[in-house]
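These numbers come from a predicted model, not from an experiment.
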Amino acid sequence: MRLLFLPENHVLPLARLLAARYRFWGPAAKGGAFVFEEIADVSRLRLDYSTTLLPPKQAFLPPREILARIDIETHECRSPARPGKPIALFGVHPCDLHGLAHLDLAMGEPPADAPYWRARKDAFIVGLACVQRCMPESFCDSVESHRAGGPFDWMFTPVAGGYVVELRGEAGEREASESGLFEVAGESWKKNYDETRDRIEKTFSGRRLNLASLSSDLERSFQDGWWEKLADRCFSCGACTAVCPTCVCFDVQDEIAEGCRMAERCRSWDSCLIRNFAEVAGGENFRKLRSERLRHRMMRQGAYLAGRFGLPVFCVGCGRCPHACLGKISPLEAFEHSRKFPIRRYAQRLVEHIKNGVTRHE
Amino acid sequence: MKKLRIAFYSFTSCEGCQLSLLECEDQILDIVGAVEIVRFREASSFKGGEFDADADVSFIEGSISTAHDEAALQTVRMRSKKIVAFGACADLGGVNAIRNRQDAEVVKERVYGKYVKWIHTSAVRPVSAVVHVDYALHGCPVDKDELARFLFGLVAGRRWAEPVAPVCFECKLRQNVCIFHKGGTCLGPIVRGGCRAICPAYGSGCDGCRGLAPDPNLPLMRRILRDHGLGPDEIGRRLDLFNASAVPDAMRRELTGRA
Amino acid sequence: MSDAAGSAVDYLPELSTLAAVRPLTAAESLFHLDMPHRALGHHPGQFVQVSLPGIGEAPISIASSPTRPAGFDLCIRRAGNVTEAIHRLKPGAKIGIRGPFGRGVPIDDCMGRNVVIIAGGLGLAPLRSLIQYITDHRSRFKAVTILIGARTPETLLFPDEYGAWRSRDIKVEVTVDVSKETWLGHVGVITNLISRIDVDPDTTVSIVCGPPIMYRFVLRKLARRNLQNDHIYLSLERRMKCGMGKCGHCQINGLYVCLEGPVFRYDRIAHLPEAL
Amino acid sequence: MHDHTNITVEHVARVEGHGNIVVNVRSGKVEEVRLEIVESPRFFESMLVGQDADAAPELTARICGICSVGHTTASIKAVEAALKIEPSEQTLLLRRIILAAEILQSHVLHVYFLVAPDVFAAPSVIPLAEKYPEIVKRALRLKKFANRIMTIIGGRHIHPVAMKVGGFSKIPEESEVLEILDLIETATVDVDETVNLFGEIHFPDFRRPSEYIALRKNGSYSFYEGNISSTANQDVDPVRYLDVIRESVKQHSTAKHVHLQAGRDCAFSVGALARYNINGRETLRPRAARAADALNLEQMKDNPFANNFAQVVECVHLVEDIQDLVSELLARGLKDERPPAVGSGHAHGRTRSHGPTRSGVGAVEVPRGTLYHEYEIDGHGHIVRANCIIPTGQNLARMEQDLREMVPGILDLPEDEIRLRCEMLVRAYDPCISCSTHMLDVKFRK
Ligand SMILES: Cc1cc2nc3c(=O)[nH]c(=O)nc-3n(C[C@H](O)[C@H](O)[C@H](O)COP(=O)(O)OP(=O)(O)OC[C@H]3O[C@@H](n4cnc5c(N)ncnc54)[C@H](O)[C@@H]3O)c2cc1C
Ligand code: SF4
Ligand code: SF4
Ligand code: SF4
């Protein structure tokens, strides 16, 4: 691990350098909150931001994106090329870095998603450590994503007078040395750095979940009537998935363009909470009830995707969804509840299930 | 290929939805190139009577509030292969239906004084209460991009897929600060989206012009509105702005908490 | 990561040409497609994403065997935008294809065994691929039985092909839910047919495809015939948008039908509450 | 020469709303002229009763989709007048800009889409688009310019969402306001071209003396505010609008007719030509004044067809207005001020005064003339009485009288031609029938 120091007043010059070579994304203030967006004028950069309304996911998986442009007459088709320059994400908090790592897994599982990777491949990612909790709803520490992790090239940790920057990989080294803005390690900031890291650990010492058993606990709670109770507080509006850094579900629809000559096959973010998400022709809906859809999302975050990719959990605790949810439903609540689910009731249901004669292996 | 014949008709309304077609400044030339518009009185003269065009798709703007409206609508239904309820008035009854919740005689008297006898109107109804409706374009007014997509979809030979997600979903995509977090109130969680949450995006809570989303959680909405200071009457007025005749009484009770 | 970037797949349809259309029932027709630039290279039970520009995409099972030369068949029911638009096409028209996707029927597990194929309604479409495969390599399989159910005689798929199947030493039993007097065959639900056949639990595999409600009853019946769950394969339908395990629509609990299915060995999904 | 002619134009096309023209001629004499408004009545004044006062703008916007910014503005002004709410300078600027944009967009729509087809002998703008694509594209460009402004300031044109009692629920970003300035140059060229186009057009030479009414504010060409002015009444405070005009119900029309109080059946007209006549050429901005000269407007000020020219002149004037107003807005710097409570804009009880019932009048110039909203609001903030007087209703009597005066002079023409003339005359007023059919009551003083 190589550490360098960046004085506070070098941040903007550095951002400017990156902005010249990359499409520059960072946190900026908008309408009384913060958003992660492409910013032309780097002085809008707000490294003091709390959290953003949407995660930086949209840099690589935009809310609406054209997958193919197809000539309606000839059927000739092409994938729209992304604008030439790669993307730089500047100032990504640890939860969102972990979120990007999860996205990489979901979009990287073979067959990997080409539109995503075209944007993601040469992206330069700059992390920024959190020294305080961004909002009451966040629970990054419960799922252990309050520490630096995920795909960063630089990781900034604020210390007195500037940032200690951890460099990673070839791109991180190259950009740092080409910029000429970093300073070599001194003893004082080293001490400062360790202190900050200790402080972060102390600040983020919320209740840790038993991540080892989380997914099995959750899966066991599947038949619990508690989900129905929880769904009384759910509108099934999909706000939670929309703001989630790890949700990837999408819809694909054709649009007509260019004087009815071209079709644009577009994908747009979808949500497993939306009523018709699992409905097929003929009207069968595999998750018809609000409670089934809510449960599915929690299972995806806490069990399904985690299991699929060998992780303890697929939620990064950013707290965006409980903040967005008007019923104040938090994954943390579901994760914690799953442990309380009484084994006895599970056993009882299993017996019923076997009595029904359908399954043997439960 | 024969061009699709499209007609626009207007009943009790502000004609804003028809105007929305002209507001598609970027697509209008493509649209009129791709279809044959056989009735569109707001911007065009036609030979023949007002309601007697044979059309593949007829867009009905406005609610039905007079015997004349009703008879004309029947004619249009007979001469059209598909009927589109075009905008909130046609789709839900819209603002016009507010008067259904007032005494009909008082309503006329308030406006026409001693001349009420010259005024012949009935209760306000959505188009679907009179004839079979094939599609609905929601909103007051309809969203012009949605309208363009709808029309292009027709040209391409595709059935319209109704937006199902509530307003909140698109509100998040638009990176709005939730109106509730700003101290206001909003019906977005129970209202059908498709408007790209334009009201919250401009700092104003949703008033439900696109009608209720399927399977809305009304008790939860009531609790949240109550916690934000809205009583049963206020919730009722809020709902009635566009949905006075669109929401069944039982659901209305569930939302307002009052009989 | 760089691996993923290097091998990533786009959502671009390839061109195929509609070579022939054969109406089957009021709602279903058989479409024969040619791919000009390559063979499809599929396994029985796999599906493709079929698309028309401006209309959209839909997952459709491949209804012919890879052992048949030149092109492939799709048996398509009119159900919505894409399927209806395809029904409007004339031979010579172009159709977009992505795929094949998913896991088909594991032929190796069927070889050397008795095979019981159970098809309800449109479920026969994907299974026809397997049936053709079996007829083309008949000797590799032991006793083969096909149980077919449909609502009415008029909605039976491929009735003109049953003769050819039977001639390859395959037992074909057919039943309909309701019929007119002219129908001489069985009347009743498909599970009735299961009672009528021989099932040796040790040497038999069964492959089932049909409408969602059919599975429960068929499985109960097969269990009663002592067939083990790991000898049963089910082909399941879910909504799909990508075919590549990304869009999330086809998820059954933690599984993706498009990647791990659509054909599942029953013991691998029996514990999943959302499977059936 | 026709002895007995019944001219009926059913459902006059290319106007907003449903109206018929009936003209009966016997022995060369016009016996009867009627403008029948068959639009279904809307009853807004009744629907307003019981509403929260700050819901009124959102509700009354739905009176008319074509001038919903105008209705919203009048409604807000009425509530603010009743409750003594003083909007900020920035709010006033924003309102003036969005109102200007709506009038511009409405005029463009009218002169290009509704009038031009007559002039180019086309049934609608669609064949026009095939024959003269450049003209139609220019119209769309201008419309889009105006629409963009309304989107930036109000969220959208039809039923704007950000305009509230007390202010705006969202203040535009500076970058968006700058975008308006960027668009001005093209818009200026386009309105100049519009003047050139209409300079080649000749309308029938039909002149008659008439009364005109418009809002006037000490010598400037005003839209947002001013006193009611006419040749007879100078500078009456809008609060006293019923001293100047009164409404009456006609059996053949669901829209009420409006007359001058001065004498029974004394018709007048409002709209672009009225504004020009009341304010005078010298109050126009320089380019607009030159446009008026180019179109000979001063010589035609007694010709109702010249309303179309006055609209073109106003287009030029409005683009200049917008440029100045936007520059002023930017020079002041945008402040993020919001009305007291964000949210729905109503049902917050912020219009609650716990005082006595108070009333207020909001008068504003909209595309077709002067629009009045008057509300009485009780101590709970609920509306207890409402009256709205719409420009088209004010023009109806004048339109009928014009028909009566014009038809005898054109009886030599073929019937189709007479019918077209009648339609053109009515269209020249740019009637908006949908919005004039809800009119109400109203204790008009007898
Ligand atoms: C693996 C697989 C194999 C299939 N094989 C065949 C086959 O061989 N022959 C055949 O006729 N059909 C098959 N289907 C079903 C077929 O995909 C649907 O009927 C088709 O997607 C409908 O598409 P559409 O555009 O015509 O209808 P749409 O207009 O998209 O939709 C009509 C209805 O279908 C639902 N729907 C939308 N997308 C899907 C989807 N992807 N899957 C299911 N329902 C959807 C909608 O909610 C709506 O209710 C298969 C489905 C799957 C998942
Ligand atoms: S599930 Fe909620 S808390 Fe977890 S990562 Fe997603 S949005 Fe954040
Ligand atoms: S503002 Fe309204 S629509 Fe948007 S998230 Fe909040 S409640 Fe939902
Ligand atoms: S936010 Fe609500 S009121 Fe506003 S346009 Fe959308 S549905 Fe209509």
Asker: Please report the closest heavy-atom contact between Ile190(B) and Phe235(A), naming both atoms and the distance.
Answerer: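 The pair with the smallest heavy-atom distance is CG2-CE2, 3.8 Å.
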Asker: Heavy-atom cut-off 4.5 Å, strictly under: side chain, backbone, both or neither for Pro219(B) against chain A?
Answerer: neither
Asker: Is there a donor-acceptor pair closer than 3.5 Å between any side-chain N or O of Asn217(B) and the backbone N or O of Asp232(A)?
Answerer: yes
Asker: Counting a contact as any heavy-atom pair under 4.5 Å apart, which residues of residues 32-45 of chain A contact chain B?
Answerer: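 Residues in range: Gly32(A), Ala33(A), Val35(A), Phe36(A).
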Asker: Roughly how far, to the nearest 0.5 Å, is the NE2 atom of His181(B) from the CG atom of Leu326(A)?
Answerer: 6.0 Å
Asker: Got more than 12 heavy atoms from elsewhere within 6.0 Å of CD, Glu36(B)?
Answerer: yes
Asker: With sequence neighbours left out, what residues match Arg265(A) under side-chain hydrogen bond (donor to acceptor under 3.5 Å, both in side chains)?
Answerer: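 Result, side-chain hydrogen bond (donor to acceptor under 3.5 Å, both in side chains) vs Arg265(A): Asp254(A), Ser51(C).
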Asker: Under a 4.5 Å heavy-atom cut-off, does chain B meet the side chain of Ile256(A), its backbone, both or neither?
Answerer: both
Asker: Please report the shortest heavy-atom distance between Gln175(B) and Leu53(A), naming the atom on each side.
Answerer: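 The answer is O-CD1, 3.2 Å.
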Asker: Partners of Thr51(A) by side chain to side chain contact (heavy atoms under 4.5 Å, CB included), sequence neighbours excluded?
Answerer: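 Testing Thr51(A) for side chain to side chain contact (heavy atoms under 4.5 Å, CB included), a comparison that skips the adjacent residues, returns Cys134(A), Met135(A), Arg320(A).
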Asker: Can you tell which part of Ala231(A) gets under 4.5 Å to a heavy atom of chain B, answering side chain, backbone, both or neither?
Answerer: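 Interface part for Ala231(A): backbone (N, CA, C, O).
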Asker: Using non-hydrogen atoms and a 4.5 Å limit, figure out which bit of Ala34(B) sits close to chain A: side chain, backbone, both or neither.
Answerer: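 The side chain, not the backbone.
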Asker: Would you mind checking which part of Thr52(A) comes under 4.5 Å of any heavy atom in chain B, side chain (CB onward), backbone (N, CA, C, O), both or neither?
Answerer: neither
Asker: At a heavy-atom separation under 4.5 Å, does Ile224(B) approach chain A through its side chain, its backbone, both, or neither?
Answerer: side chain
Asker: Can you sort out the partners of Glu137(A) under side-chain hydrogen bond (donor to acceptor under 3.5 Å, both in side chains), two or more places apart, ordered by chain and number?
Answerer: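 Result, side-chain hydrogen bond (donor to acceptor under 3.5 Å, both in side chains) vs Glu137(A): His323(A).
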